[in-house]
Amino acid sequence: MPRQLSAKRRAGVVVERLAASYPGSAAELCALAHGDPFELLVATILSAQCTDARVNEVTPRLFAAYRGPAELAGADPAALEELIRSTGFFRAKAASLLGMSAALVERFACEVPQAIDDLVTLPGVGRKTANVVRSVAFGVPGLPVDTHVKRLSKRLGLTVHEDPEKIETDLCALVPKAEWGALSLRLILHGRAVCVARRPRCGECVLADVCPSASL
DNA sequence: ATCCCGAGGG
DNA sequence: CCCTCTGGAT
C-alpha cells in the first residue's frame, strides 16, 4: 500500500481497517457508561480532560443520588462537587451540571434536545459534547473531535488544522455520513491503545503503511 | 490565550 | 517531575 495516497483514499483505508479492528456500532463502541441520553450527556460533560475510566467510577454513585434532570438541578452544589471531585475541574463541572439540568427543566421539558443548535446552548456543552450525544444516544450523524481524534487526524494527514471545528469539517468531507460517529469512537480507541500521545506504537499499528507520520 | 483541576503513567 | 486524559467558557 503506497504511502502517497490522496487524503480521500487514505481516509477510506482508515475507515476500513479501524472498522475491522474495532467492530460494532457507535453506541457499542462508546466507553462512557450511560443508560439514557441524559446520563450520557452528564458523563460526557464530566469526561473533559479526564479518562473515561475515571468518569465511569463516579457516575454510578452520581446517577443513584440524582435521578434525572429535575433532581440534579436541585442538588446541593457542595455535595455534587464532592461526588465528582476526582474527575478534575470539579467546580466548573458541577456548575455546568447544575446549569445544564436547570436548562433542561426550564426550556426543554426535562428532555435532552437532539438539535445541535439547542444542545450547545446548554451550560458546559460545546460542539464535541453535542456531537457525542447526537451520534451515540440518538444515532444522528455527528463526528465528535476530541484530543484523540485531533491527534490521529493530524498524524494520518487527514487535516492540517488545529481548530477542532475545522478538523470536523475536513473529516466529514472525507468520510460517508454513516461512518462519522463510529469513526470518531474508533479513532479514540486506537489513540488510546496504539497511536498514543507520547510514544506511538507504530510497529503494531494497522495503519502504519498509509500513515505519513509512521516511524518504524 | 488563559483558566479550570484531579489522578495516573513514564 | 512533566505529560496526558473523549473541553468549555471567558
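Each chain gets a letter, A, B and so on, in the order the sequences are listed, and its residues count up from 1.
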Give A/Arg91 one of three labels, base, sugar-phosphate or nothing, depending on what nucleic acid heavy atoms sit under 4.0 Å from its own.
sugar-phosphate
Enumerate all atom pairs, one protein N or O and one N or O from nucleotides 2-4 of chain C, separated by less than 3.5 Å.
{"residue": "C/dC3", "atom": "O2", "partner": "A/Arg198", "partner atom": "NH2", "Å": "3.2"}

Interatomic distance where CZ belongs to A/Arg54 and P belongs to C/dG7 [whole Å]
15 Å
Without decimals, in angstroms, what is the distance between A/Leu97 CG and C/dG8 C1'?
13 Å
Would you indicate whether the side-chain heavy atoms of A/Leu32 and A/Ser47 approach each other to under 4.5 Å?
yes
When the P atoms of B/dC5 and C/dT10 are considered, how many whole Å apart are they?
14 Å
Mind checking whether A/Leu122 and A/Met100 have side chains closer than 4.5 Å, heavy atoms only?
yes
Got a sec: does the CD of A/Glu71 have more than 12 other heavy atoms crowding it under 6.0 Å?
yes
Is any side-chain heavy atom of A/Glu111 closer than 4.5 Å to a side-chain heavy atom of A/Leu104?
no
Got A/Val42 and A/Glu39 here, is their nearest side-chain heavy-atom distance under 4.5 Å?
no
How many whole angstroms separate atom CZ of A/Phe89 from atom P of C/dT6?
13 Å
Using whole Å, report how far CG of A/Leu152 lies from P of C/dT6.
12 Å
Taking the P atom of each, how far is C/dT6 from B/dG10, in whole Å?
14 Å
To the nearest Å, how far apart are A/Leu46 CG and C/dC5 C1'?
14 Å
B/dC4 and C/dT4: how far apart are their C1' atoms, nearest whole angstrom?
16 Å
Does some side-chain heavy atom of A/Thr59 sit less than 4.5 Å from a side-chain heavy atom of A/His34?
no
Anything under 4.0 Å to a heavy atom of chain A counts; send over the first and last such nucleotide of DNA chain B, read 5' to 3'.
B/dC4 to B/dG10
Think A/Arg85 forms a cation-pi with A/Phe90, using NZ or CZ under 6.0 Å from the six-ring centre and within 45 degrees of its axis?
yes
Would you indicate what A/Thr87 reaches in the nucleic acid, counting non-hydrogen atoms under 4.0 angstrom: base, sugar-phosphate, or nothing?
nothing
Is A/Val140 close to A/Ser135 at the side-chain level, that is, under 4.5 Å between some pair of heavy atoms?
no
Rounded to the nearest Å, what distance is computed from the CG atom of residue A/Asp146 to the C1' atom of nucleotide C/dC5?
10 Å
Scan A/Ser96 against the nucleic acid and name what it touches under 4.0 Å (heavy atoms): base, sugar-phosphate only, or nothing.
nothing
Using a cut-off of 4.0 Å on non-hydrogen atoms, how would the nucleic acid contact of A/Ala31 be classed: base, sugar-phosphate, or nothing?
base
What is the distance, to the nearest angstrom, from the CD atom on A/Glu57 to the P atom on C/dC5?
18 Å
Residue pairs, two or more places apart or on separate chains, that pass side chain to side chain donor-acceptor pair (under 3.5 Å) and touch residues 194-207 of chain A
none
What is the distance from CZ of A/Arg186 to C1' of C/dT6, rounded to the nearest Å?
16 Å
